[in-house]
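Worksheet for the structure shown next.
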Amino acid sequence: MFTFLLICTLTSLLPLGHASLPLVINTWPFKNATAAAWSALQSGGSVLDAVERGCARCEMEQCDGSVGYGGSPDESGETTLDALIMNGDTMEVGAVADLRRIKNAIGVARAVMEHTEHTLLVGESASVFAENMGFIAEDLTTNKSVNIFSEWLKGSCQPNYRKNVSPDPSKSCGPYRPKATWKQSKRARHANIHAHDTIGMIALDRDGHAAAGTSTNGLTHKVPGRVGDSPIVGAGAYVDSLAGGAAATGDGDVMMRFLPSYLAVELMRAGVDPSAACKSAISRIKRHYSEFFGAIICANTTGHYGAACNKVPGLTKFHFMVANSETNTPVLKSVDCF
Ligand code: SD4
C-alpha cells in the first residue's frame, strides 16, 4: 500500500505524461492551436501541416495578443510578425522576420521553405514575396494596437528598449542619439518583457517524422526592424527527426544569443531526457542572465517530452499543451520554474 501511494504521489508530481506518438506539444495554454494541430494529424496531415495549422490558429485568434495581427505595436505603432517552420526529416527551414501586412506569417514561412532555396526572408521584401505567392496584404493594426500605441506615446514613449541614449532635448520621444550627443535624462527603461507569449510547437508522428515552428508578433514597443529569436533556427525552434525537437519562448533578445533549441536537441541526441535537456538549455542562459524571462519545450523521438523555465517574478510556473495518442485531446501541463 505504501509503495502504491508513493508511486501515485511521485507520478502526480511529475509534469510529464507517458511517451506516446503521435505527439503535439506547444508553449503556453494555447489549447485551440494544439487542437488544430492534433486534428491535422488525425485527418492524415503531415507533421508540417500540423505545425502550420496549429500556429496559424493562434495567428487568427491573436493568442494572448502576442501572436498574429493587432498586437505588440512597435515604436512606430506597427505590428510586424516573425515565424519559422522546420522539417526535421530534411532539415529544411523557412522563416520570415519583420513581416508586414500579412496575417499568416507561418504560412509565408512555409512558402519560403517550399518555394525558395532560402531560409529567412525579412521586412518589406518578405511581404512582397508573400503577396506574390498569393497571401493577402491587410492592415495589421487594430483598435487595441492603436490604443496601446497612443497610451505609450502619451507616457513619453516609456518604457522602451533603448539604452544609453537621449531624445532630442526638445522632444519627449525619439529620434534618439547616443547620450554623449544630447546629454539628458535617463529616458530609456526596459519595456515589460513579461507581456509576450510566442507559440512554439513540435509535432512528431509514428513514422519518425518531426517538425517544429514558431509564430509571434515579438515585443511591444520594440525598435522597428527588431527581429527576435522566434524566426532564428536553433534559437526559436529546432528539430531533427533523428533526435527530437525544441521550441523556446521569452526574451528573444537574450535567448537567441544561446541557441537554446539547438542545444536542447543536441543534448537529446546524446541521450539526455527531454526535461533535463530543457533544463540545461535554460541553465546555460541563466549563467549570464539570471533574470531573463523564458521557457523551452522539448520532445524526443520516442514521444517523451518536458519543459523548463527560469524562475522570475511573474513566471514561477510555465504552462504548455500536449496532445498525444494517450490523451487524444489537448491537455494542459505545467512545470515549476527553477
Ligand atoms: C521574441 N521570443 O520576439 C519572442 C517573444 C516571446 O513569449 O516569446 N514571447 O522575443
Side-chain angles (χ1 to χ4, degrees), residues 25-30 33 54-55 58-59 61-75 78-84 95-100 105-106 109 120 122-123 126 140 145 148 159-161 190-202 212-238 246-262 264 278 281-282 285 289 291-298 307-312 314-321 334-335 337:
I25 176 170
N26 63 266
T27 55
W28 306 110
F30 300 149
C55 292
C58 254
E59 290 169 348
E61 292 185 0
Q62 303 166 285
C63 283
D64 248 0
S66 310
V67 184
Y69 67 102
S72 306
D74 68 13
E75 276 188 349
E78 187 175 4
T79 294
T80 61
L81 307 180
D82 292 348
L84 169 148
V96 284
D98 190 23
L99 181 72
R100 287 120 200 278
I106 190 82
L120 171 63
V122 305
L140 302 190
S145 67
I148 296 170
N160 63 46
Y161 286 94
H190 211 265
N192 176 16
I193 56 164
H194 297 180
H196 49 78
D197 292 340
T198 295
I199 185 161
M201 179 177 272
I202 308 158
T214 60
S215 185
T216 187
N217 52 32
L219 302 183
T220 310
H221 314 314
K222 63 192 174 187
V223 178
R226 180 261 187 193
V227 170
D229 58 330
S230 305
I232 306 301
V233 64
Y238 197 71
T249 175
D251 181 359
D253 293 302
V254 164
M255 295 179 82
M256 72 196 298
R257 299 170 191 172
F258 298 87
L259 297 179
S261 296
Y262 177 76
C278 272
I282 294 291
I285 307 171
Y289 298 95
E291 304 288 296
F292 89 98
F293 178 93
I296 185 164
I297 53 170
C298 300
C309 45
N310 191 29
K311 190 173 179 179
V312 288
L315 188 66
T316 52
K317 229 181 213 308
F318 172 63
H319 296 280
F320 59 101
M321 298 299 309
S334 68
V335 66
C337 301

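Atoms within each ligand, like the ligands themselves, are counted from 1 in listed order.
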TODO: Give the contacting part of Lys222 toward ligand 1: side chain, backbone, both or neither, where contact means a heavy-atom distance below 4.0 Å.
DONE: neither
Task: Per-residue contact class, Ser230 against ligand 1 - non-hydrogen pairs under 4.0 Å - done: side chain
Hey, does [Y] have a side-chain heavy atom less than 4.5 Å from the side chain of [X]?
| X | Y | value |
| --- | --- | --- |
| Thr198 | Thr27 | no |
| Ile148 | Thr220 | yes |
| Met255 | Thr249 | no |

[X] versus ligand 1: do any nitrogen or oxygen atoms come within less than 3.5 Å of each other?
| X | value |
| --- | --- |
| Gly252 | yes |
| Thr216 | no |
| Gly250 | yes |
| Asp253 | no |
| Asp251 | no |
| Asp197 | yes |

Task: Contact atoms of ligand 1, heavy-atom distance to Asp229 under 4.0 Å - done: 1 (C), 2 (N), 4 (C), 10 (O)
TODO: Please identify which atoms of ligand 1 are closer than 4.0 Å to at least one heavy atom of Thr249.
DONE: 6 (C), 7 (O), 8 (O), 9 (N)
- [ ] Would you check if there is a donor-acceptor pair between the side chains of Thr214 and Ser230 at a distance under 3.5 Å?
- [x] no
Open item on the list: Under the rule for salt bridge (charged side-chain N to carboxylate O under 4.0 Å, His left out), what residues qualify as partners of Arg226, not counting sequence neighbours?
Closed with: Asp253
Task: Residue pairs passing the salt bridge (charged side-chain N to carboxylate O under 4.0 Å, His left out) test where at least one lies in residues 227-236, sequence neighbours excluded - done: none
Open item on the list: I need the single residue from Thr216, Leu219, Thr80, Asn217 that forms a side chain to side chain contact (heavy atoms under 4.5 Å, CB included) with Ser72. Which is it?
Closed with: Asn217
